[in-house]
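Throughout, protein chains are lettered first and strands after them, A, B, ... in sequence-line order, and every chain is numbered starting at 1. This is a predicted model, so every value here is computed, not measured.
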Amino acid sequence: MQYRPTEIESKWQQRWAEAKVAEVDVTAPGEKLYMLNMFPYPSGDLHVGHGRNYILGDALYRFFRMQGRVALNPMGWDAFGLPAENAAIKRGIHPREWTLGNIGRMKQQFARWGILYDWSKELASCEPEYYHWNQWLFLQLYKRGLAYRGTAPVNWCPQDQTVLANEQVIDGRCERCSAIVEQRELSQWFFKITAYADRLDAGLDTLHEWPEKVKLMQRNWIGRSLGADVDFDVPALEHPIRIFTTRPDTIFGATFMVLAPEHPDVPKLIADHPDREAIDEWITAVRNQTNLERQEKGKEGRDTGKTAINPFTGEPIPIWLGNFVLPQYGTGAIMSVPAHDQRDFEFARQYGLPIKIVVRPASGETLDDANMTEAFTFKDESGVAANSGPIDGMPVPKAIETIIALIEERGIGKGTVRYRLRDWLISRQRYWGTPIPMLYCDKDGLVPVPEEQLPVTLPLDVPFTGREGNPLAKHEAFVNATCPQCGGPAKRETDTMDTFVDSSWYFTRFITPRDDQKIFDSAVVNRWLPVDQYIGGIEHAILHLLYARFITRTLHDMGLVAFEEPFARLFNQGMITKEGYRDPHGSWVPIAEVEWRDGKPYRGQTELTAEVGKMSKSRYNVVPPDELIEKFGADTERVYTLFIAPPEKEAAWSDEGVIGAYRFLGRVWHMGVAIIEALGNGQPGGDTPRAVLRKMHQTIDAVTKRVEKFEFNTSISGLMEYSNTLGDAVGANAASLRKPYEALLQMLHPFAPHMTEELWSMLGNEEFVLTSRWPVADPALMQEDSVVIAVQVNGKLRGQVEVPAPPDEATVFAAVFAHERIQTWVSGKEIVKRVYVPGKLVNLVVK
RNA sequence: GCCCCGGUGGCGAAAUGGCAGACGCUGCGGACUUAAAAUCCGCUGCCCCGUGAGGGGCGUGCCGGUUCGAGUCCGGCCCGGGGCACCA
């Protein structure tokens, strides 16, 4: 009987769907487990790289449900976003139609992979039933002052014709389309995530089951800095200028001050400057530069001709303007300590400003201040304050503490904490998103849409003409509304929300997705959340995961949820890459067009370069699952995908490697057929051989531990080993292997669910997915009959002896001395203490 | 520049401080076949000695340290990947 995966798989997929096996009653008793894969953007077709993500989640889900947990595994769609709108412009399909079509195809693909989702909980963020609550959430934040409209320099993507959040700008380019982002001064909607900076930072310490890497990235992004705000008197102004520094201990070395060109005091300071026009011109030029251009240009500055008084030395220091001082961070003004800050040092050298050393090495080593090539940055006890009056001789940390106390005493400033994090810009000048529920009334100004009027429905009948701004703004019926306060005419806000708003709370909605009275039921949500296991790509380390942590805290503060962290355990799977080919001009060559000559890739007469990279259509290196499943079955793809490498690692897809997984499943299949035949022949069962039983319990023990640790690759290799053991035994007495074989099927089920389900029923058992449990290892039966003891003398292997298990000391001694090649010996790790024989040190190592 | 994470056969990778390379791919040899595919069996880190059974040496990026014993722990380098980047 041949292994025919295709027939088996469609049969069971249909059966699982009909029986709704994954549907969960959220009020049912039992030990809950909330599994979640990050809900995908419905971009259309899924390739094997996407598959890794969902297969991994499904394997884990099946494992947990076999362990008796009430496991919820929902799936939905992050369905708003730019690609749908671009498709509409390019191909004349409505974004909604395009999105829903893609969702249909992706659902089919999930089914073909044998993935069990609770489809009764399905949601799509583009439907009014969902974005209604997105708008409701916005209003709650608005009420609490956490959503506000403000004017600020923002990132503008000229390609996508919209503003972007800081998190969506990568190396000065748009995350989505790679166009160079421009700075524009615009009035926009923000969420006040900075109000939660301290809690978002502190909360990271409680996330013990998150990858360190992700926590570190978030920590860097939030950028908590401890320091001090200090006022410097400025004779030319009526008020002092406040600076922020993380190194107040170096204040005696502050030899000049630098302001951002945007600093509010600048116009006054340069008002009577002889080169005022030139400086103004320079300021305008700097303001119009993108961050990228500023950095490329290097440091540039202008002297204002005015001075500030260093509050500790009492000396006047020049005030400069500098393009490297950021207006948005700190106070937009810095004290420059060129001796101990690299940027200040470079600036001082460039403009010939004085450098004064005020920290020296604790080691007593002297510093050569005449030939400095870089700043001496002592951040810890390795440095002590020098030339610094009251703090002279203090190690840096102590000096910081003391000087802050002095600053506060004198009333010229205070110790402060600053964050790099900036408010989350959530408005987008695009159509396909959640309308922001706000109105502009000539009389009442900015007016929120009353909750009972929600949802503000996104009109579907809009023209998609291309690049002339947001089509929503041209929809008269949408734009013109009535002011709920005065009853007069009002205009609707036409900006829509960043889709990251949609995804920052969807995990709470999955519990009660059809509730049309409220966003969710707090009691039920508090039972099911936090999510026990969250799975997704590392690309969301900052964006989605930070926003979700923020919004969850706001929900907590509204009294809607009891927890502050939405995801207890996080796992980031690695990408699947595939070799692709480029011609000498750099264009990608479809794999089908590559010819091989002397082991080298060619197209026509040109030799090609092989490259390994992310699968994408533009690279022509996508492996679609269809053919693969047609030929080998979804179980093979699942097993191969999990076996290929540790799941957190990037892995290169190998078409040859797939065959190994297929052969393995084939062997398991044929072994099963042989056992079933033997049982059917009335062959006496007989006792399972001890060695097989032992291997079974050892394997159960090992595989259980490995799956819990996400070590799917070694779980599968363990099962291969075990199956090889069974394969060797099957010739002797197949009928005696029923139990050990069933254990193999049980452990293999999360990886190859269809085949194991089929064999399970061929063995006459009840439906697997509904009844079977994960096997439990018996430690007593794992014990070996004998133990091999390696005898080492001075680290060299001298021989081996075998004694019955468990080994006792006397037997080991006797056996070792009886061994012809061993005259002396000593200690091992587990049984014996170390023993010294005259002149030699010998070890016993228990294996 | 700062901060992380890696470096083991031809390839993907295993290895609570205890016989490095499990498991799989590739390759080679064989069985089956008219033939091929598929399948099954054997070998497969490198070098040397031996006709053979077998034996010996070297091996986890480099240098050093701890230890009876190091891929694993410690110190210093080299190389690769990732994150942040005028954040004061």
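Looking at A:D198, A:D201, A:D229 one by one, the single match for salt bridge (charged side-chain N to carboxylate O under 4.0 Å, His left out) with A:R418 turns out to be A:D229. For the ring pair (Phe, Tyr, Trp, His ring centres under 6.0 Å) test with A:F324, the passing option among A:Y329, A:F345, A:F347 is A:F347; the others fail.
For the residue pair A:E346 and A:Q342, a side-chain donor N or O sits within less than 3.5 Å of a side-chain acceptor on the partner.
Across all strands shown, nothing is found opposite B:A13 as a Watson-Crick or G-U wobble partner with both distances under 3.5 Å. Base-pair partner of B:G6: B:C79 (Watson-Crick or G-U wobble, both distances under 3.5 Å). Of the nucleotides present, none pairs with B:U34 by Watson-Crick or G-U wobble criteria with both distances under 3.5 Å. In a base pair of the Watson-Crick type (N1 to N3 plus N6-O4 or O6-N4) or a G-U wobble (N1-O2 and O6-N3), with each distance short of 3.5 Å, B:C58 is matched with B:G45. Across all strands shown, B:G52 has no partner, as no Watson-Crick or G-U wobble contact with both distances under 3.5 Å is found. Pair assignment for B:G1: B:C84, on the basis of Watson-Crick or G-U wobble contacts that are both within less than 3.5 Å.
In this structure, CG of A:L665 is placed 12 Å from P of B:U39, rounded to the nearest angstrom. B:C25 atom P lies 8 Å from atom CZ of A:F643, rounded to whole Å. Rounded to whole Å, atom P of B:A88 lies 20 Å from atom CD1 of A:I241. One atom, CG of A:N572, and another, P of B:G81, lie 21 Å apart when rounded to the nearest Å. Look at CG on A:L545: it is 15 Å from C1' on B:G83, rounded to the nearest Å. Atom C1' of nucleotide B:C40 and atom CE of A:M671 are separated by 13 Å, given to the nearest angstrom. Summarising the geometry, the separation between CG on A:L642 and P on B:A14 is reported as 14 Å, rounded to the nearest angstrom. Remark: C1' of B:G83 and CD1 of A:I222 are 15 Å apart, rounded to the nearest angstrom.
Nucleotides B:C48 and B:G42 place their P atoms 28 Å apart, quoted to the nearest Å. Spacing between B:G75 and B:C3 at atom P, rounded to whole Å, works out to 15 Å. Separating the C1' atom of B:U16 from that of B:G69 is a span of 16 Å, rounded to the nearest Å. Taking atom P in both B:U66 and B:G71, one finds a spacing of 16 Å when rounded to whole Å. Comparing B:U67 with B:G18, their C1' atoms are spaced 12 Å from each other, to the whole Å. If you take atom P in B:G24 and the same atom in B:U39, they sit 14 Å apart, rounded to whole Å. The same atom, C1', is picked in B:C28 and in B:G82; the two are 40 Å apart, to the nearest Å.
Taking the O4'-C1'-N9-C4 or O4'-C1'-N1-C2 dihedral as appropriate, B:G69 has a value more than 90° from 0 and is therefore anti.
Across all non-hydrogen atoms, the minimal contact from A:T704 to A:I700 is OG1-O, 2.5 Å. Taking every heavy atom of both residues into account, A:L642 and A:A59 meet most closely at CD1-CB, 4.1 Å. Across all their heavy atoms, A:W424 and A:I193 have their closest contact at N-CG2, 3.7 Å. Nearest approach of A:H263 to A:G332, heavy atoms of both residues: CD2-O, 3.5 Å.
In this model, the phosphate group of B:A88 is not approached by any side-chain N or O of A:S336 to a distance below 4.0 Å at OP1 or OP2. The phosphate of B:A14 (OP1 or OP2) has no side-chain N or O of A:R706 nearer than 4.0 angstrom. An OP1 or OP2 oxygen of B:C23 is reached within less than 4.0 angstrom by no side-chain nitrogen or oxygen of A:R663. For B:A14, the OP1/OP2 oxygens have a side-chain nitrogen or oxygen of A:N713 closer than 4.0 Å.
Only A:M720, A:E721, A:N724, listed by number, bring a heavy atom of residues 720-730 of chain A to less than 4.0 angstrom from any atom of RNA chain B. If you check residues 252-263 of chain A against RNA chain B, you find no residue with a heavy atom closer than 4.0 Å.
Proximity of the aromatic rings of A:F664 and A:Y662 is defined here by a centroid distance below 6.0 angstrom, and this criterion is not met.
With B:C84, B:U26, B:C23 as the candidates, the nucleotide lying closest to the side chain of A:I659 is B:U26. Distance from the side chain of A:T714 is smallest for B:A15 among the nucleotides B:G83, B:C86, B:A15. The nucleotide whose nearest atom lies closest to any side-chain atom of A:A645 is, among B:C86, B:G12, B:A88, B:G12.
Between A:Y662 and A:E656, the residue anchored nearer the 5' end of RNA chain B, judged by the nucleotide with its closest heavy atom, is A:E656. Taking the nucleotide of RNA chain B with the nearest heavy atom to each of A:W221 and A:P327, the more 5' of the two is matched to A:W221.
A:R247 contributes no side-chain N or O that, together with a main-chain N or O of A:V396, makes up a donor-acceptor pair within less than 3.5 Å. Not one N or O on the side chain of A:D231 forms a donor-acceptor pair closer than 3.5 Å with the backbone of A:P240. A distance-only check finds no donor-acceptor pair linking the side chain of A:N310 to the backbone of A:F232 [under 3.5 Å]. Not one N or O on the side chain of A:K215 forms a donor-acceptor pair closer than 3.5 Å with the backbone of A:D205.
Within 4.0 Å of A:R219, counting heavy atoms only, lies no atom of the nucleic acid at all. Residue A:G227 is classed as having no contact, given no heavy-atom separation below 4.0 Å to the nucleic acid.
With a 4.5 Å cut-off on side-chain heavy atoms, A:V48 and A:R52 do not count as touching.
Classification of A:K299 and A:D344 as a salt-bridged pair fails, no side-chain N sitting under 4.0 Å from a carboxylate O.
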Atom pairs under 3.5 Å: protein N/O with N/O of nucleotides 1-11 of chain B:
none

Could you go through the salt bridge (charged side-chain N to carboxylate O under 4.0 Å, His left out) check for A:D265 and A:R242 one step at a time?
-> CA-CA 11 Å; A:D265 289 328; A:R242 174 159 278 210; over 6 Å; no
